[in-house]
Amino acid sequence: MSAEEERAASAEEQRAASAEEQRAASTPEGRAAGAPEGGVPHLTAFTVFTGRWAVLRAALRISRRDAWRAKGRTALIMVMIGLPVLVITALITGRATTDVTPYEQLDSTLGSADARLITFPTRGRVRQDAAARSVGQHKASRPDRQWTPAELGTLLDGRLLRYQQKTGEVRLADGYDWVDVLEVDLRDPMTRGMRELVEGRFPAAPGEVAVSPALTGRGARIGGTLPVTRDNRPMRVVGVVQNPNRPGSTELTALPEAVLGHQNDGDNSGWLADTPGSVQRADVRRLNQAGLAVQSRALIERLPDDGESPVPAMSGSPTRGAVSLGVAIVLVVMETVLLAGPAFAVGLRRRRRELAVLAAQGASGRQLKAVVLADGLVLGGAAALMGMVLGIGTGALFASFGAPLLNWTHGPLDVPWPEVLAVAALGVVSGVTAALVPAVHASRQSPARVLAGRAAVDPPGRAARPLLGLVLVVLGTGGCFAAARHDDLAVVISAVVLALGLIALMPWLVESTGRLAGRLPLPLRLSVRDAARHRVRTSSAAGAVMGATMAAVVLGLVAASAFAQREAQRTSVEPLGTLTIRTWASTTDGEWSRLRVEAERLLPGVPLVPGAVAVNAEGKEVRLQGDRHPLHCAGPPKCLPPMWDGSGILPVGDERLLTFLLERHDPQAEAALARGSAVVIGSGMAHDGVVELVAEPWEGGEDERLTLPTVVTKAAEPAQTGVLIPASALEKAGFTVVERHLYAAHVPADEARLQRALSTVASGVNILVERRGDEEALPVLLVLLGAATVLVLGGTFAATGLAAADMRQDLDTMSAVGAAPRVRRLVVAAQAAYLSGLGAAVGLAGGAVAGAALILWNWETGIHPGGHPLVVEIPWLFLAGLVVGLPVLAALVAGTFTRTRPARARRVA
């Protein structure tokens with residue numbers, strides 16, 4: 001027999017054996033013996049059941065079994081889909097739990113009383129809502145008498161219990177501080193539930209108080225003495241009580257008038273009422289007419305449950321709120337789909353033989369699509385369910401632990417089921433949508449090519465796809481700048497259209513960069529070509545990186561520019577880093593002397609420069625400001641130096657303060673100050689050799705205008721502007737000048753602690769530090785970079801791991817022909833660098849367009865008024881970290897943790 005005849009006979013034997021294997025597999029015995037690797041246990045599912053429900057049920061069963069076999073990929077997809085569901089569910093559950101309704105506050109406000117009567121200093125008619133959260137009163141003259149229980153008894157039958165609420169000063173271990181004060185007899189049955197007794201007992205005598213748990217960590221303890229008010233009146237601590245709706249509040253409780261004294265009505269004081277019957281709406285109207293506000297238990301219990309919505313009220317029309325919600329949904333679904341898309345694409349590639357066998361046995365493209373979509377339904381449903389359950393638990397724990405630490409309101413666990421179920425449905429939709437593109441590719445694959453063992457390659461893209469992406473990019477870009485002068489929501493919508501256009505362009509960009517792979521080094525060339533062959537997986541992962549990068553770029557540009565605009569508008573008399581310690585003119589000279597000594601003790605080695613305040617002829621302290629009249633200003637930015645605390649106070653002092661403010665000696669300015677002339681620091685406030693000032697009393701009264709001769713001196717820094725006023729000029733104008741300010745070139749580590757410490761020797765102490773307007777920009781940018789890092793690296797590592805698993809045969813072949821282990825690392829690192837680098841570069845372009853439009857909208861809509869020019873700040877280091885640093889970091893991490901040992905291959909036939 002010739003060689004040609006032998007080859008023909010061998011081919012005939014192989015065909016006969018293949019036919020025999022297929023007949024054996026179709027019999028019950030063959031199915032019981034198990035299908036070969038890559039086969040499906042239920043090959044005839046689609047031929048037996050012809051109905052749509054049968055197709056769906058079979059597809060779900062196949063997907064469930066495949067998900068159980070590929071546990072790693074299943075867990076990855078579930079994390080990507082379930083994590084947003086968990087986060088959003090936790091947020092809305094936590095907000096609903098901390099958003100306490102009037103009904104949930106009944107115990108803490110009324111105890112077991114039927115009503116709460118709130119008094120006012122006047123007897124005018126009261127307007128209120130049903131829960132007395134919004135209360136107003138018509139003007140009325142103050143009566144000669146105060147409310148008495150006997151007078152209230154003529155308006156409402158029942159037993160009355162006096163209560164008072166206000167804030168008061170308490171001296172703690174670190175100095176004086178303001179705390180809430182509740183004065184009511186908590187031993188009375190009518191107050192049951194108002195406060196929970198944690199330790200000790202309730203106050204029973206005028207000299208006793210109970211403290212909240214937040215005060216026990218600041219020096220208050222049971223059995224100890226707590227000085228209250230500025231008189232340091234000692235009160236014995238007998239218990240620890242907690243507000244059930246404000247577990248983190250700093251509060252004292254005592255008997256009426258033990259701490260506050262008689263509040264003379266008003267200041268949230270009144271009576272709790274225990275009435276024979278419930279207090280109805282007619283009773284509330286009658287009491288309102290008499291000048292009392294009323295919280296009625298019966299009315300609050302009948303209120304609709306409208307205060308528990310976890311979604312914050314949106315400004316504007318309902319249409320705007322609906323559009324905002326729709327945009328948020330689109331963004332969440334889009335990012336989730338892009339993150340989970342590569343996993344579904346790789347899952348499709350792993351199951352291509354299974355789907356090819358189904359197609360060979362008669363399954364249609366529609367039925368193959370149903371199998372892949374069932375993956376999204378099964379995994380999306382399981383991830384949404386798990387995310388919903390964990391999100392509810394996380395939100396409840398966050399609210400429980402956050403309320404005491406952050407002084408939030410807190411109520412019973414409240415799960416807003418409509419919103420939670422909507423979020424879970426959103427997760428299911430995200431899963432199905434992420435599987436949509438792989439499902440389309442599954443319906444188009446060639447069964448003959450797959451069964452022949454040829455490598456799977458994504459089919460060539462449609463010619464119209466780049467055109468669609470370009471159209472969306474043009475529309476989104478034009479829409480961003482067209483809407484920048486009108487509406488920020490329109491800018492966001494246009495940015496979403498731009499992002500969708502860039503996502504649609506991503507497959508074309510992947511193909512285009514793949515054509516340039518021949519010029520690259522070997523590891524990068526192999527990675528880019530593999531990414532181009534698997535365009536769906538690559539474009540989805542790069543799109544996810546692009547979305548995260550674009551959002552970070554937009555927020556970074558807007559934040560940096562807003563802070564830079566704030567710094568450009570900042571004007572201050574004091575130079576940067578100036579600490580100002582000030583108190584009121586009413587502070588006695590003895591208190592001021594002790595305050596200076598204490599400040600020198602607390603700030604050792606820090607030179608303190610004194611400053612003064614002015615008091616008018618009526619004995620009222622005045623604040624000195626530049627005249628607001630436009631004729632007296634060289635321009636809006638220099639018209640009035642607005643300090644960041646909003647006071648705009650001009651300093652009063654001598655040559656020591658002048659030297660401190662200028663950070664140098666100026667003999668000419670010092671001589672003018674000694675003559676009684678004011679010194680204008682910088683330009684803009686002086687005209688014709690004089691400066692116009694306004695003396696405005698703090699406690700109200702007639703303003704006084706001053707015209708002082710002046711000299712102009714150069715400022716120490718560009719933002720510095722203002723006037724230093726000599727004490728002699730004010731005394732000549734009839735004012736009294738007293739030293740009540742201290743200045744120092746020092747930034748304390750803890751301003752609040754310094755203020756509390758100084759408050760122990762004088763009342764009304766205020767601490768100010770002059771800071772840059774853009775000082776908070778760096779923390780904000782670091783937070784944005786951290787969030788972008790999580791999303792970018794998470795998406796990159798997921799896609800890179802899937803790509804490495806998908807190209808394992810190529811990597812093993814490289815090792816088999818002698819490639820060093822570092823080559824495998826370089827190939828995987830190059831894959832990560834390519835994915836994240838392409839997505840970051842495209843995201844930078846899209847984010848720059850949307851960010852510029854939002855910056856322009858901020859400026860056009862008057863958020864930064866005052867005639868200041870537009871300031872655009874580009875955070876170069878932040879952008880470099882996003883576009884260059886993150887891809888390099890992704891490449892280093894991916895290359896470091898790559899397996900360098902080839903996996904053993906197993907023969908399929």
Side-chain angles (χ1 to χ4, degrees), residues 80 83 335 338-339 342 495 499 502-503 506 509-510 513 516-517 520-521 523-525 527-528 531 538-564 774-804 822 825-852 854-855 872-898:
M80 291 178 178
L83 190 59
E335 189 66 18
L338 293 174
L339 286 171
L502 293 175
I503 291 172
M506 197 62 70
L509 292 173
V510 171
T513 54
L516 306 175
L520 301 175
L524 191 57
R525 181 166 69 246
S527 299
V528 173
T538 305
S539 58
S540 180
V545 174
M546 183 276 298
T549 305
M550 182 175 175
V553 170
V554 170
L555 295 176
L557 287 175
V558 172
S561 298
F563 284 116
D774 57 356
E775 190 176 73
E776 299 175 359
L778 181 60
V780 172
L781 293 178
L782 289 178
V783 170
L784 291 176
L785 184 61
T789 300
V790 173
L791 291 175
V792 170
L793 295 185
T796 300
F797 292 155
T800 302
L802 294 170
R822 67 174 180 274
R825 295 186 186 275
L826 290 175
V827 170
V828 177
Q831 183 81 251
Y834 173 73
L835 287 173
S836 56
L838 178 62
V842 177
L844 174 64
V849 172
L854 281 176
I855 293 171
V872 178
E873 178 73 13
I874 301 177
W876 293 107
L877 290 178
F878 171 75
L879 297 180
L882 277 176
V883 181
V884 179
L886 290 186
V888 171
L889 179 62
L892 291 175
V893 175
T896 301
F897 292 96
T898 297

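The chain is numbered in sequence order, starting from 1. Below, each value reflects all heavy atoms present in this structure, side chains not excepted, and no hydrogens, waters or symmetry copies.
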note = CG (Asp774) and OG (Ser561) are apart, to the nearest 0.5 Å, by 11.0 Å

Side chains of residues 884-896: which donor-acceptor partners sit under 3.5 Å, not counting sequence neighbours?
residue, atom, partner, partner atom, Å
Thr896, OG1, Leu892, O, 2.6

Using a 3.5 Å cut-off and no angle test, enumerate the donor-acceptor pairs between side-chain atoms of residues 838-847 and protein atoms at least two apart in sequence or in another chain.
none

Distance-minimising heavy-atom pair for Glu873 and Ala564 = CB-CB, 3.6 Å

request  = Hey, could you give me the CG/CG distance between Leu781 and Leu879, rounded to the nearest 0.5 Å?
outcome  = 9.0 Å

request  = Among residues two or more places apart or on two chains, list those pairs meeting side chain to side chain donor-acceptor pair (under 3.5 Å) that have a residue in residues 781-799.
outcome  = none

inquiry  = Going by the rule salt bridge (charged side-chain N to carboxylate O under 4.0 Å, His left out), which residues pair with Glu776 if we only count those two or more places apart in sequence or in a different chain?
reply    = none

remark   = Closest heavy-atom pair, Ala850 versus Val554, reported as atoms and distance to 0.1 Å, is CB-CG2, 3.6 Å

query = Which residue pairs pass the side chain to side chain donor-acceptor pair (under 3.5 Å) test with at least one member in residues 546-559, sequence neighbours excluded?
reply = none

note = Exactly one candidate in Leu778, Leu785, Leu782 meets side-chain contact (heavy atoms from CB on, under 4.5 Å) with Phe878; the answer is Leu785

query = Where is the tightest heavy-atom contact between Ala830 and Leu524, given as atom of each residue plus distance?
reply = CB-CD1, 3.5 Å

request  = Mind jotting down which residue pairs meet the side chain to side chain donor-acceptor pair (under 3.5 Å) criterion with at least one end in residues 832-847? Sequence neighbours excluded, please.
outcome  = Thr513-Tyr834

ask   = Taking all non-hydrogen atoms of both residues, which atom of Leu557 and which atom of Pro875 are closest, and how far apart?
value = CD2-CD, 3.7 Å

ask   = Which atom pair, heavy atoms only, marks the closest approach of Ala542 to Met506?
value = CB-SD, 3.9 Å

